[in-house]
Amino acid sequence: MHVPPIISSLRRHRTAALLIVLEIALTCAIVCNALFLIGERIDAVRRPSGIAERELLQIRLSGIGPQADAGARTREDLAALRAVPGVAGATVTNQLPFYRFSSSNSGVSLSADQAQPTLHAARYHADETTIATLGIRLVAGRDFLPDEYMDVAEVEALDGSEGVRGATIVTASMAERLFPGEQAVGRTMYLGPMPLVIVGVVESLARPSPSDGEGTFSFLVPIRLHYNNGGSYLIRVIDPARRDAVLAAAVDALEAVDPNRLILARSSYEAIRADYFRNDREMIGLLSTVSIVLLVVTAFGIVGLASFWVQQRTRQIGVRRALGATRAQILRHFQAENFLLTSIGIVLGMALAYALNQLMMGRYELPRLPLAYLPISALLLWALGQAAVLWPALRAAAISPAIATRAA
């Protein structure tokens, strides 16, 4: 198919050709950025937590009035929870990955007198069963020793961190950031003036709010919390299919220990995670809908204008058929014409997509649009253009020379 006849034909329909090009350019720009944003949201929703998500339940409760010995009551609660049929473990911790209700973070340094911290990380409080209950995978070093644990009341009595020296377990990504290419176990990090010796490294443990910084920088400290001091009960079930029954039995067990308490929340961890990423899923749905609607409108625009051109060029098509042009050649002419217009629109759309991304980077702190999304959008629009023009092109190819001559 020769290009000059196509160019000549388009010159006679400048306005319609320009509208198609602009429509495709706008669609390309919006779809490129929409696909990018959808990809970003999907990556966020799929981000691993590092814990046994399907097997975990959470119960948050609060005492009514002063608690004489919340630590002792917490030990009773944990014993009752572990005795519930179907429970594999129970613990108390201050937060969870992808958790809306709290986010405890600390600046971590490599020396006590460092002016600015090396990084910020989520600080998880752990008791003797936390790692096993949460299903965190230890990849180097060891778990905390029995004499390394402290009750939260002991920590509070020390008036801050002065004189405290303890152990910590960090995530693999945090260990690599602190000591690149080196063994982290046995090294020391600092929370302000407080030294912590790294005794273990876990594969992963996400932060409650990854937007606070690097999403996998987390560490555990051996501090036992009680339920009324910012902690919540985490229960690991043996069979995820029985989570609802185990959760109801666990609540009953806690109420049997002390009925004078308020159950603030009860849910599976999967529900907690789903709630955290609810806005991301809604954004994925919205952007997907907008993209589909825009592509459909663009396709109808191509169909409409191509059909209009077929009506306008009926005699011209008939003359070409009379001169020996086959149906396949007429079909290829319209397909090549559409491909040319689509290509021009895509080139303009890519420039517009980049400009739109720069605008969003400045206003919303979004990352730069990866170049891979440009060819993906181009292929999508080329396929859409060829599919949309097919029906009008087939109509054009079906015009007989005799009918075209009578239309003259």
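Note that these values count all heavy atoms, side chains included, but never hydrogens, waters or copies made by symmetry.
Checked against side-chain hydrogen bond (donor to acceptor under 3.5 Å, both in side chains), Asn33 has no partners two or more places apart in sequence or in another chain. Listed by chain and residue number, Glu255 satisfy the side-chain contact (heavy atoms from CB on, under 4.5 Å) test with Asp252 (two or more places apart in sequence, or in another chain).
The shortest non-hydrogen separation linking Leu331 to Ala393 is CD1-CB, 3.3 Å. Leu96 approaches Tyr99 most closely through the heavy-atom pair O-CB, 3.0 Å. Of all non-hydrogen atoms in Ala122 and Pro208, the two that sit nearest each other are CB-CD, 3.6 Å. The two atoms that bring Ala184 and Ile198 nearest to each other are O-CB, 3.6 Å, heavy atoms only. Nearest heavy-atom pair across Ala70 and His226 is CB-ND1, 3.4 Å. Considering every non-hydrogen atom in both Arg123 and His125, the closest pair reads NE-NE2, 3.8 Å.
Remark: Glu148 engages Arg142 in a salt bridge, criterion side-chain N to carboxylate O under 4.0 Å. Residues Asp127 and Arg75 are not paired through a salt bridge, judged by the lack of any N-O separation under 4.0 Å between the basic side chain and the carboxylate.
By the 4.5 Å heavy-atom criterion applied to side chains, Glu214 and Leu119 are not counted as neighbours. Side-chain contact between Ile169 and Leu138 is present, with heavy atoms from C-beta onward closer than 4.5 Å. Two residues are said to be in side-chain contact when any heavy atoms from C-beta on lie closer than 4.5 Å; Asn338 and Ile302 meet this criterion. Between Asn228 and Ser62, some side-chain heavy-atom pair lies under the 4.5 Å cut-off. Under the 4.5 Å side-chain criterion, counting only non-hydrogen atoms from C-beta, Leu369 is not in contact with Gln358. Taking the side chain as every heavy atom from C-beta outward, Val201 and Thr171 never approach each other to under 4.5 Å. Within the 4.5 Å cutoff, no side-chain heavy atoms of Asp239 are placed close to those of Val246. The side-chain heavy atoms of Arg207 and Thr216, taken from C-beta on, include no pair separated by under 4.5 Å.
Side-chain N or O atoms of Glu176 include none that pairs as donor or acceptor with a backbone N or O of Ser173 at under 3.5 Å. Judged by distance alone, with hydrogens and angles left aside, the side-chain atoms of Thr129 form a donor-acceptor pair with the main-chain N or O of Ala90 at under 3.5 Å. Remark: the backbone N or O of Gly285 is not paired with any side-chain donor or acceptor of Arg41 at under 3.5 angstrom. Within the 3.5 Å criterion, the main-chain N or O of Leu205 finds a donor-acceptor partner in the side chain of Ser218.
To the nearest 0.5 angstrom, Ser209 atom OG is 8.0 Å from Asn105 atom CG. Between the CZ atom of Phe36 and the CG atom of Leu374 there is a distance of 11.0 Å, given to the nearest 0.5 Å. If you take CD1 on Ile38 and CG on Leu286, they are separated by 9.0 Å, rounding to the nearest 0.5 Å. Annotation: the span from Leu35 atom CG to Leu380 atom CG amounts to 7.0 Å, rounded to 0.5 Å. The line from CG of Leu134 to CD of Glu53 is 11.5 Å long, rounded to the nearest 0.5 Å. Here the straight-line distance linking atom OH of Tyr233 with atom OG1 of Thr133 works out to 13.0 Å at 0.5 Å rounding.
Among Val347, Ile346, Leu352, Leu348, the single residue meeting the side chain to side chain contact (heavy atoms under 4.5 Å, CB included) criterion with Met350 is Ile346.
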Practice problem: Given salt bridge (Lys or Arg N to Asp or Glu O under 4.0 Å), test Glu270 with Arg273 step by step and report yes or no. | Solution: CA-CA 5 Å; Glu270 284 190 336; Arg273 180 183 177 119; over 6 Å; no
Quiz item: Would Val251 and Ile59 satisfy side chain to side chain contact (heavy atoms under 4.5 Å, CB included), going step by step from the backbone distance to the final call?
Solution: CA-CA 8 Å; Val251 170; Ile59 300 176; 3.9 Å; yes
Exercise. Please assess Arg261 against Asp77 for the test salt bridge (Lys or Arg N to Asp or Glu O under 4.0 Å), listing each intermediate value before the final yes or no.
Key: CA-CA 12 Å; Arg261 293 184 291 186; Asp77 288 342; 2.6 Å; yes
Quiz item: Asp43 and Arg47: side chain to side chain contact (heavy atoms under 4.5 Å, CB included), yes or no, with the steps?
Solution: CA-CA 6 Å; Asp43 288 343; Arg47 189 177 298 160; over 6 Å; no
Practice problem: For the pair Met283 and Asn279, evaluate side chain to side chain contact (heavy atoms under 4.5 Å, CB included) and give the outcome as yes or no after the intermediate values. | Solution: CA-CA 6 Å; Met283 182 61 70; Asn279 292 339; over 6 Å; no
Self-check item: From CA spacing to verdict: side chain to side chain contact (heavy atoms under 4.5 Å, CB included), Gln335, Glu337
Solution: CA-CA 5 Å; Gln335 289 177 319; Glu337 186 176 81; over 6 Å; no
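More than 12 non-hydrogen atoms from other residues, nucleotides or ligands lie less than 6.0 angstrom from CZ of Arg100.
Side-chain contact of Arg368 with Tyr354: a donor-acceptor pair under 3.5 Å is present, judged by distance alone. Checked by atom type, the side-chain pair Ser104/Gln95 shows no donor-acceptor distance below 3.5 Å. Defined by atom type and a distance below 3.5 Å, a donor-acceptor pair is present between the side-chain atoms of Thr118 and Gln114. Side-chain contact, Trp391 with Ser307: no donor N or O sits under 3.5 Å from an acceptor N or O. A donor and an acceptor atom, one from each side chain of Thr130 and Thr91, are located under 3.5 Å apart.
Ring-plane geometry between Phe144 and Tyr149 is classed as perpendicular, the angle between the planes exceeding 60 degrees on a 0 to 90 degree scale with a lower cut at 30. Classification of the Tyr276-Phe98 ring pair by plane angle, with boundaries at 30° and 60°, yields tilted.
Legend: salt bridge (charged side-chain N to carboxylate O under 4.0 Å, His left out) pairs involving residues 223-238, not counting sequence neighbours, sorted by first then second residue: Glu55-Arg236, Glu128-Arg224, Asp151-Arg224.
Between Tyr124 and Phe219, the gap from one ring centroid to the other reaches at least 6.0 Å.
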